[in-house]
Colleague: 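A single structure is presented below for examination.
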Amino acid sequence: MKRLGALLARVFLAFDWPLLVILLLFAALGLTIMHSAVGSTDWRFAEQSRNFLIAFCALWAVALIPPKMLMRLALPFYLVGVVLLLGVEFFGETSKGATRWLDLGVARIQPSEMLKIAVPLMLAWYFQRHEGEVRIRDFLVAAAMLAAPFGLIVLQPDLGTALLVFGAGFFVIYFAGLSFKLLVPLAVVGVLSVGTLIYYEDQLCQPGVDWVVLHDYQKQRVCTLLNPSSDPLGKGFHTIQSMIAVGSGGLYGKGYMRGTQTHLDFIPERTTDFIFAVYAEEFGLYGGVAMLVLYALLIARGLTIAMRASSQFGRLLAGALTMMIFVYVFVNVGMVTGILPVVGVPLPFMSYGGTALITMGIACGILMSISRHRTEPG
């Protein structure tokens, strides 16, 4: 009985309960919307239920790992991830024009997913080692550590995952003390680039114009964002139909499982990248705001854990993983509502798919580990 009691105590102490409550609400909401998106409890609903269970097990297992052990795992985890990305580059499997998968014989994996965790883990470990004496050279080394996996993922090409990996790594570097003044020139260049693109849209979006830094399909996504009606039945179909679904929901929505855009198959990829359109059509503006408030609570809890962490490593890692979730939500909702181009970023805890859900489970498990050991010295 004592052993059972000790085991149960260990299980319950591993959880950060405010965070766990928020995640359980997301699980219930995610499965509810998935049921509507597929129209029944078919195999996709059953598999998503299984995915949630696996993600919860991953969360619990990672939550039991102390931050000091995570620090020891940071370097080998990062190196293995980069080596696997190189394996994808030379030996990867190509599907739909992208080479993102690696067949290991016993399993087929997508190494870019593990870099969402490995990159912030590695950078947080690096800045922990240089705590109190961070110099410009250290920021340059950190930038190189981020650039290597980012570049390899862009080459696959997988711009959505590359963006998330870059965001997670960037936030570690920023939280480590990168001066905001250094970001101002980049912001100015970004604003000027967007302004130039909008002003010269007609010329730059012509078929024969090569953007050099982007693939043709990526160029088409940006041009489609600027003018979806230019190809309403082709490249612009996703954006137009999702915007119609979101707008037709009105204030209160059409009701659960009553979304016409959804159930008449007008919304493409409605169980994955565009599941927010399904939700907004059925629950309206008020429902969409309620979901965003729930995400805000999740992000607020993650940042609270980061502020209370006992070490520089914990603060940087928790802050970066929390902001990665923010980037997930911002990019997905932005592309569904026509603010951002379609880049294939799922909505956390809502979109169908096991890999992304398990990644989120591991990220939240790390947050719980940092919360659980917040009284321990770094």
Side-chain angles (χ1 to χ4, degrees), residues 51 54-55 58 62 70 73-125 142-173 213-215 217-218 221 269 272-273 317 320-321 323-332 335 340-349 351-366:
N51 292 337
I54 295 173
V62 173
L70 291 174
L73 294 173
L75 181 58
F77 192 40
Y78 173 83
L79 292 176
V80 169
V82 172
V83 169
L84 290 175
L85 285 180
L86 289 171
V88 170
E89 183 66 23
F90 293 105
F91 310 107
E93 296 183 354
T94 301
S95 176
K96 297 181 180 179
T99 307
R100 303 172 184 174
W101 298 89
L102 187 63
D103 191 348
L104 300 179
V106 295
R108 186 169 175 262
I109 63 171
Q110 187 177 357
S112 58
E113 280 293 326
M114 67 183 293
L115 270 301
K116 294 177 185 177
I117 304 296
V119 167
L121 194 65
M122 177 65 186
L123 294 178
W125 170 82
M145 292 179 184
L146 173 58
F150 173 75
L152 289 171
I153 296 171
V154 168
L155 288 175
Q156 293 182 355
D158 188 353
L159 188 58
T161 301
L163 177 66
L164 294 171
V165 170
F166 178 83
F170 168 78
F171 283 116
V172 174
I173 297 173
V213 295
L214 294 180
H215 293 271
Y217 82 93
Q218 294 169 340
R221 287 179 177 179
E269 307 295 337
T272 52
D273 296 344
L317 184 56
L321 292 177
M323 294 307 295
M324 182 182 72
I325 296 174
F326 167 79
V327 173
Y328 259 103
V329 177
F330 179 79
V331 173
N332 181 274
M335 72 181 192
L340 297 175
V342 178
V343 291
V345 173
L347 188 62
F349 309 109
S351 295
Y352 172 80
T355 305
L357 192 56
I358 292 171
T359 300
M360 285 291 97
I362 292 172
C364 290
I366 291 175

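All figures in this text were calculated on a predicted structure; none of them were measured in a lab.
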Colleague: Under the side-chain contact (heavy atoms from CB on, under 4.5 Å) rule, what do Asp158 and Gln110 come out as? Steps first, then yes or no, please.
Modeller: CA-CA 11 Å; Asp158 188 353; Gln110 187 177 357; 3.5 Å; yes

Colleague: CG of Leu115 to CG of Leu121: how many Å apart, nearest 0.5 Å?
Modeller: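 The distance works out to 11.0 Å.
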
Colleague: Tell me which one of Val154, Val119, Leu152 satisfies side chain to side chain contact (heavy atoms under 4.5 Å, CB included) with Val165.
Modeller: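 Running side chain to side chain contact (heavy atoms under 4.5 Å, CB included) over Val154, Val119, Leu152 with Val165 returns exactly one hit, Val119.
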
Colleague: Applying side-chain contact (heavy atoms from CB on, under 4.5 Å), run through Ile153 and Phe166 and close with a yes or a no.
Modeller: CA-CA 10 Å; Ile153 296 171; Phe166 178 83; over 6 Å; no

Colleague: With side chains defined as the heavy atoms from C-beta onward, is the minimum distance between Tyr328 and Ser351 less than 4.5 Å?
Modeller: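 They are not in contact (no side-chain heavy atoms under 4.5 Å apart), so the answer is no.
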
Colleague: Quick check: closest heavy atoms across Ile362 and Val62, and the distance to 0.1 Å?
Modeller: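 Shortest heavy-atom contact: O-CG1, 3.8 Å.
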
Colleague: The criterion is side-chain contact (heavy atoms from CB on, under 4.5 Å); which residues satisfy it with Val327, sequence neighbours excluded?
Modeller: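 Testing Val327 for side-chain contact (heavy atoms from CB on, under 4.5 Å), a comparison that skips the adjacent residues, returns Leu164, Phe171, Val331.
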
Colleague: Inspect the surroundings of CZ in Phe77 and state if more than 12 heavy atoms from other residues, nucleotides or ligands are less than 6.0 Å away.
Modeller: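 Above 12, so yes.
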
Colleague: Quick check: closest heavy atoms across Lys116 and Ala168, and the distance to 0.1 Å?
Modeller: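 Smallest interatomic distance, heavy atoms only, reads O-CB, 4.1 Å.
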
Colleague: Would you find a donor on one side and an acceptor on the other, under 3.5 Å apart, between the side chain of Asp273 and the backbone of Asn332?
Modeller: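 Checking the backbone N and O of Asn332 against the side chain of Asp273, no donor-acceptor pair under 3.5 Å is found.
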
Colleague: How long is the span from the CG atom in Leu163 to the CZ atom in Phe330, to the nearest 0.5 Å?
Modeller: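 It is 10.0 Å, given to the nearest 0.5 Å.
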
Colleague: Where do Met145 and Tyr78 come nearest, in terms of heavy atoms and distance?
Modeller: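 Minimum heavy-atom contact is O-OH, 2.6 Å.
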
Colleague: Applying side-chain contact (heavy atoms from CB on, under 4.5 Å), run through Leu85 and Gln156 and close with a yes or a no.
Modeller: CA-CA 9 Å; Leu85 285 180; Gln156 293 182 355; 3.4 Å; yes

Colleague: Out of curiosity, Leu321 CG to Met360 CE, how far, rounded to the nearest 0.5 Å?
Modeller: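 The CG atom of Leu321 sits 8.0 Å away from the CE atom of Met360.
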
Colleague: Which pair of heavy atoms, one from Ile358 and one from Ala58, lies closest together, and at what distance?
Modeller: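 In terms of heavy atoms, the two residues are closest at CG2-CB, 4.4 Å.
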
Colleague: Atom CG of Leu75 and atom CH2 of Trp125: how far apart are they, to the nearest 0.5 Å?
Modeller: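 Rounded to the nearest 0.5 Å, the CG-CH2 separation comes to 5.0 Å.
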
Colleague: If I compare all heavy atoms of Ala356 with all of Glu113, which pair ends up nearest, and what's the gap?
Modeller: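 Closest pair (atom of Ala356, atom of Glu113, distance): CA-OE1, 4.1 Å.
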
Colleague: Taking atom CZ of Phe150 and atom CG of Leu155, what is their separation to the nearest 0.5 Å?
Modeller: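 Atom-to-atom, Phe150:CZ and Leu155:CG are 10.0 Å apart.
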
Colleague: Show the nearest heavy-atom pair for residues Thr359 and Ile117, with the distance to one decimal.
Modeller: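 Nearest pair, atom of Thr359 first, then Ile117: O-CD1, 4.0 Å.
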
